[in-house]
Every structure is written in C-alpha cells, then in structure tokens.
There are 2 protein chains.
Amino acid sequence: MTKPPTVYDVAHHAGVSIATVSRVLSRPDDVKPATRDRVLASVGELGYVPSGAARGLAARRTGVIGLFFQGLDAMDDLGDIALEGDEAAAGGARIVRDIPERTDTRTLNLYFDEVLRGCELESWRSGFALLVGVGRGSTATQTVRDMAGRVDGLMVLAGSASEEELARLSRHVPIVVMAGPRRGDDLDHVSVSNAEGMRTLTAHLIDDLGARELEYVAGSLGSPDDAERWSGFRAALADRSLEAPEEPTLRGDFTREGGRRVGRELFRRDGLPRAVVCANDQMALGVIDAARIAGVAVPEELIVTGFDGIDAGRLSAPRLTTVRQPMETLGRVSVQALARRLAEPKLPAMSVRLPVEVVLRESSESSVSVSLP
Amino acid sequence: MTKPPTVYDVAHHAGVSIATVSRVLSRPDDVKPATRDRVLASVGELGYVPSGAARGLAARRTGVIGLFFQGLDAMDDLGDIALEGDEAAAGGARIVRDIPERTDTRTLNLYFDEVLRGCELESWRSGFALLVGVGRGSTATQTVRDMAGRVDGLMVLAGSASEEELARLSRHVPIVVMAGPRRGDDLDHVSVSNAEGMRTLTAHLIDDLGARELEYVAGSLGSPDDAERWSGFRAALADRSLEAPEEPTLRGDFTREGGRRVGRELFRRDGLPRAVVCANDQMALGVIDAARIAGVAVPEELIVTGFDGIDAGRLSAPRLTTVRQPMETLGRVSVQALARRLAEPKLPAMSVRLPVEVVLRESSESSVSVSLP
DNA sequence: CTGAAAGCGCTAACAC
DNA sequence: GTGTTAGCGCTTTCAG
C-alpha cells in the first residue's frame, strides 16, 4: 500500500489537466476520444482509484444512502472470537448430532435481513452505495448522526430514533421513515398495512371459520407494529359487535420462547379459545410448540395464526397461517422514495402504505391440502 | 433542509476557533471543561452534524469498511415497483391460500445474509460503519472500485472480483478475502474448512454407516467452494481405496430446483446408490423432493446429505444431515482481520481457516430421535 | 489549553 | 475541448 495516485498523478502521466481527468471519469463524452483514451490508459496504468471523500466533499453529494435500524440488545453480549496468532488457524471439522429444538434467536433478524436485501437491491439499481448502520444501546444516537454526516439520504426503521433526532437529522439529509405510524407529515414515510392485515385475517377467522372466542397474543409493549396489529384485531371484533378488551391480556415479546410461555399459560387454564391470534410468526410458532407439548391439536382444537410471513412459518408443521408483509418491497420502495426526494428535493412529503397478504395455511384450516412436492 | 451548519458556524457561535470545535469532537479531554461545554452547547443548539466527507478527506480515513460480493444475476431482472403518485397509496390486504412448494429463490441469499450479519455486528463492535456493495454483471468492477475509494478497508467474498482487480485495489486499501482458496500470500484471507468438512462427512457415511456406493452432486462449475468440497469427497474415498471419478458426474447449480433435476435423473436409472452427497443444502433438499415424488425413502433406501447448514435444512422433513459453516463467524472474523490490519498495517498477511461442524440429522440416520418439542 | 494556517483530493464554474 | 482556479469542511501540525 504505497501512497495511492491522485488526479494530479494521472493528469501528469497523461499530460492533461486535472479537470480533464475529472471529466473523463464523470462525463466521458465531453472529452475528445483521443484525450480520453490517453487518460484512461494512465488511470489503468497507475491503478488510480478516486477518493470518495474528496469527491463527496467537492461535489456535495456522496452517492451513498444509509439504512439505520435498532439492533437487538441481545446481540450486544457476544464474546470475542479469537483470531489465533498470525498464521493459519487450524480449521478442521468435528461431528455433532443435532438435537431438534435449538433456540432460534437468529431467526429474530429475518425481518431486517429481508428489508435490507430490498434496500441493497434497489440501491444498486439506483446507483447508490448502501451504508448499513445498526444502533445498539447508548451509542445509537452517535451512530445515526455519524451516518447522517456521510450519506445523501437516510432510511430509518421506525422506532430506531426519536422524533427529535429525526427532526434534527432531516435538516441535514432527507429522511425516509420505514414502517411504523406516520409521524407528522414532513418526512417521507413507507409503511405496511398492519391494521388492515390483522383485521382481514381476524374477519376471516370469524366469518369464514366461525371462530368466536379469540385470544390475542401481543408483542413487546411500545412497538408501533404491535399497536397497529392490535387495533386491527379489535376493529374486526368491534365490527361484529364482539367483545374485546381495551388492552391485550396476553403479551409475549415477539420471540418464539415468549410464545411458548404464553402458550403454556393458556393451556393451564380451563377450556380453550377457538383461535389464538399472534402479533407475529415467532410467537405463533412458540404457541404451536406449547400446543404440541400440551397435546392440543392445531388447528382442530385450536387455530393459531401469526404475522410477518417468515420462512420458518412456511416450513413448520403445521404450516402457519399468517399475514405476509412485503419486507423486501418495503426496502425497495424506501430507496425509491429516497431517490425521488434526492432528485426532487421540494416535492411534498409522501406516505406510501404497502398492501399485505393474508396467507392461509394448515394452522388455521385443515382443508388446505398438504400435498408436499 | 436549509444549509447545514459547519465547524465555522459552531466555532463562531461558541466564540472559539474551528480547531477547538474539532478537538471537542475528537479528543474532548484536551479541552478545558468550560470551553468544551460551551462548544457542545453550540453543537446541540445548531444541530451540527460533521461532514463525513470533509472529515475523511482531512483525516485520511473514513471509519467505514466495505463488504463486497457478487450478487446473483437472477436478481437483475426485477420489475419496477410503482410508487403510485405522490400521496398515500392504498394499502389494504388480500387473502390467498398458500400452496406448498413455492420456489425458493429467496433462500439462495441466506448464505450472504448470515455473513453480512456477522460483518455488521462486528463492525459495530469495532466502531466502523459498514458499506455494503453487491456486484452485478458488468458494473461489478465499477462498483468495487468505487467502494475501494470510500472505505478504509474492504472485505471481498471469493470469486466476486478477479485477482488482478484485487491486486489493484489492495494498493489502495487493505483487502480481506473471504472464503475460497487462498490466492498468493499477500492478502489477508479467512476461509472455511470445505474440504475437511466434506471429507469428515464422507468418512462418517462410509465408516460408521457402511455406505459403499456414493454419488456426488456438484454445484456450479468454477465455484471454489465446489472444487474444495469435491476434493474432500474424493479424499475420503481415496483414503479407503474406493473408486472415485476424476470429475463429478452429476452437477446441479446450487439451487433446489437443480437438485430436483439431478434427483429425477438419478431415480430413472436402475438401482440406487446408498448415499447422495450434495455440494450444498439447497441441492440436497431438491434431491429429497425428487425422492419423495419417486417414492424413495430417505434415509432407509437413500441417504442424502448437504453442506452449509441453512435453516431450511433444520426445518425440512426429514431434517438434513449437513456440514455447518460458521457463516456469521466468517463475517465477524473478517472484520476483525481488517481491523487488525488497519491498526498494524505492516503485519504479515494472515490466513485464518475456520472449522466446520458435521451435523447429523435424519436424512442420514433414522437413529437420531425425532422428538419434536 | 487554544488559535492560525496549511492542506486532504476532487468538482465545477469560468476562461481560453 | 481543455486548463485555471476557487473552494468543499474538516484535521492536524506548529506556535503561542
């Protein structure tokens, strides 16, 4: 890693001015072919790679957009991985017998992974580089601020930053808020039909499957998604003049283990509801786990439904009825919204709400044929 | 988005010089508390966010590291997603009945997702921001070069860039090559025990399960992983003086559909091998799909094994025996390697080889109890 | 402990 | 078409 060549080196090598080098790289057509080729040759020969920092500073845009979200705190306490000396570590392979029923903390991130993939994909299509930042604990504000300083625009997953912080950052770069309720109407906002989805699913359970006693398993308190889904559930009941409590009576924490716990609790009681409607798939899978242990047949004795449409729900037994969120689309649309604002800074803020899909599978109705491939 | 405040604004507001502002932000302890507080107050009041570009240019490091890999070309042809006018789009929810057996192209990315997560996690721990770039088609070189210009160090997944390109980039920023065979010994390199893992698994099939006729299903031609795994398979046979062809006779393309195709082909022949060893999990799952259709019992009539340890293999029926790669760890260790080189630029290049785990499940031995939770 | 001043490498007017 | 030049906003000696 010798000192990398700069525009000056290239210019000198090619016998042109630095402006010409810059042009060749940004608008090649404005340069005479002969000159251009000469410059390009020098670029190749010297192995010139333009400095993004200098470019960003001078041009006042970086070509980078950022995606920020709040990580799970559980990830904080990870041990170090030994780098073992300076030379080749051992490698090797050992054999283990896998016992079913491992914990599934990894799966918790599936949601982000898909959103991220959508962002990544669309960023590429739009010609942006994507800077990914995860806030954790106390450094979150620092992280997001730092990101704001290096990108042309920032996508923030709802709940990852306070409104004040967002207001502050939005003075600096355009912000797109992803998911969650819209706050104010000055920021662009892309969300998902949480309430509608839950309402449609609940309506289906009541109207089409004749379910009357429904239990609801809420997720973490304070989650905007959780609140919206709960409101959709209540709305479906209210529409049909069925009773629903003010607040959810059962609450997990969006994890499978939380679902199991709630399930156990539920099965200790006398009698069963006809259906357990869960605020996400993880918890629904946990409830199904608990049902199996308690000897409760799903869906014959108990219908269980989730929300999100994660893969594990497609692969479970029984497969999980759920509301599929367009997670990848969420990411893609957010990038598009950002790109649009970057192109047209003074358009009024927009709010896009993406449709969801209620996906019926065997955890709600045995009628769906289980013809595996 | 009014013009954001700069150091000058803050300095003026606080009645100090820009140098002091800079110090307060980088080494607060070098500044008298009273001054510091005054500056901090101004920072807060003005909503100052330092420019990453200017900072990077002046300091000659950006605090950003990059992760680059080659995307799947299939992702190229994605349609546009309508942004529907400027106002709130409709949202809503529709109901669909999910038929099992959807295609699983999404799953193809699982590998990257996990590596990415590891990188992301460790980047955060090390105080770096992570720039993610995916090369696709012809723009790949452009993309990776652009990234190299904006980061302090770059991680490149094997096969995503040519050796010449890597050599060129490595003049500019430190490069860590992830996975794949080590090329030369001038670049840091983190890999996984592909050959060892496949060899151990194959040895187990032969020695412990008494399998003699083994078929191998290779992945895409030219993949370094594929080559290494194949060599591990051959080595296990050779150790036991069993015949193995020079080149794999069956080849898929690392997709489930490819596995199905190979499976169908296999089941048209007379007689069955005792085991089909696949170069990755996706193909193994495809072979199992085909076996089910052909009425071949796994593992009684046919043992099927995979490689990677993706979730789908844990959730399939029967669950898949495989070699689990430490994908998240791969990401984490790569970041650590990069951080180490950034801290000590002239250390000799290192090569870390991460161990894998042979995971026995029911696709190879019915003896593993299937006590679901 | 604080300030002055010299760049960092590039882009974008504006001349020629 | 191509060259000159003035910054972009910050870090970092070096003085004081």
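Quick caveat, the model's predicted, so the values are computed rather than measured. Note on naming: letters A, B, ... go to the chains in the order of the sequence lines (proteins, then strands), and numbering restarts at 1 for each one.
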If you check every side-chain atom of A/V7, which of D/dG9, D/dG1, C/dC10 has the closest atom? C/dC10

What contact category does B/S26 fall into here, base, sugar-phosphate, or nothing, at under 4.0 angstrom with non-hydrogen atoms? nothing

Out of D/dG3, C/dC10, C/dG3, which has the shortest distance to the side chain of B/T20? C/dG3

A/R55 CZ to C/dC10 P, in whole Å, measures 8 Å

Sugar-phosphate, base or nothing in reach of B/V21, heavy atoms under 4.0 Å: nothing

If only atom types and distance count, is the side chain of A/T35 paired as donor or acceptor with the main-chain N or O of A/V31 below 3.5 Å? no

Starting at the 5' end of DNA chain D and moving along, which residue's nearest nucleotide shows up first, A/I18 or A/P33? A/P33

Of the listed nucleotides (C/dT2, C/dG9, D/dG3), which one gets closest to any side-chain atom of A/S17? D/dG3

I'd like to know if B/R60 reaches the base of C/dG9 with its side chain such that a donor and an acceptor end up less than 3.5 angstrom apart. no

Using a 4.0 Å heavy-atom cut-off across all strands, classify B/A59 as base, sugar-phosphate, or nothing. sugar-phosphate

Which listed nucleotide (D/dT12, C/dC10, D/dG3) is nearest to the side chain of A/T6? C/dC10

Would you say B/S42's side chain and B/R38's backbone share a donor-acceptor pair under 3.5 angstrom? yes

Taking only the side-chain heavy atoms of A/A58 (C-beta and beyond), determine which of D/dG9, C/dT11, C/dG3 contains the nearest atom. C/dT11

Contact between B/V64 and B/R150 at the side-chain level, heavy atoms closer than 4.5 Å - yes or no? no

To the nearest Å, how far apart are A/L25 CG and C/dG9 P? 16 Å

Would you mind reading off the distance between B/R150 atom CZ and C/dC10 atom P, rounded to a whole angstrom? 12 Å

Nearest to the side chain of B/Y8 - C/dT2, C/dG9, D/dG9? D/dG9

I need the NE2-P distance between B/H12 and D/dC10, as an integer number of Å. 16 Å

Answer with base, sugar-phosphate or nothing: what part of the nucleic acid does B/R61 contact at a heavy-atom distance below 4.0 Å? sugar-phosphate

Take the protein atom CZ of B/R38 and the nucleotide atom P of C/dC1, then report the distance between them rounded to whole Å. 14 Å

Let's test your reading of the model: under 3.5 Å, does the base of C/dG3 pair with the side chain of B/R23 as donor and acceptor? yes

A/R117 side-chain N/O to B/D113 backbone N/O, donor-acceptor pair under 3.5 Å: no

Counting just side-chain N and O atoms, does A/S51 come under 4.0 Å of either OP1 or OP2 of C/dC8? no

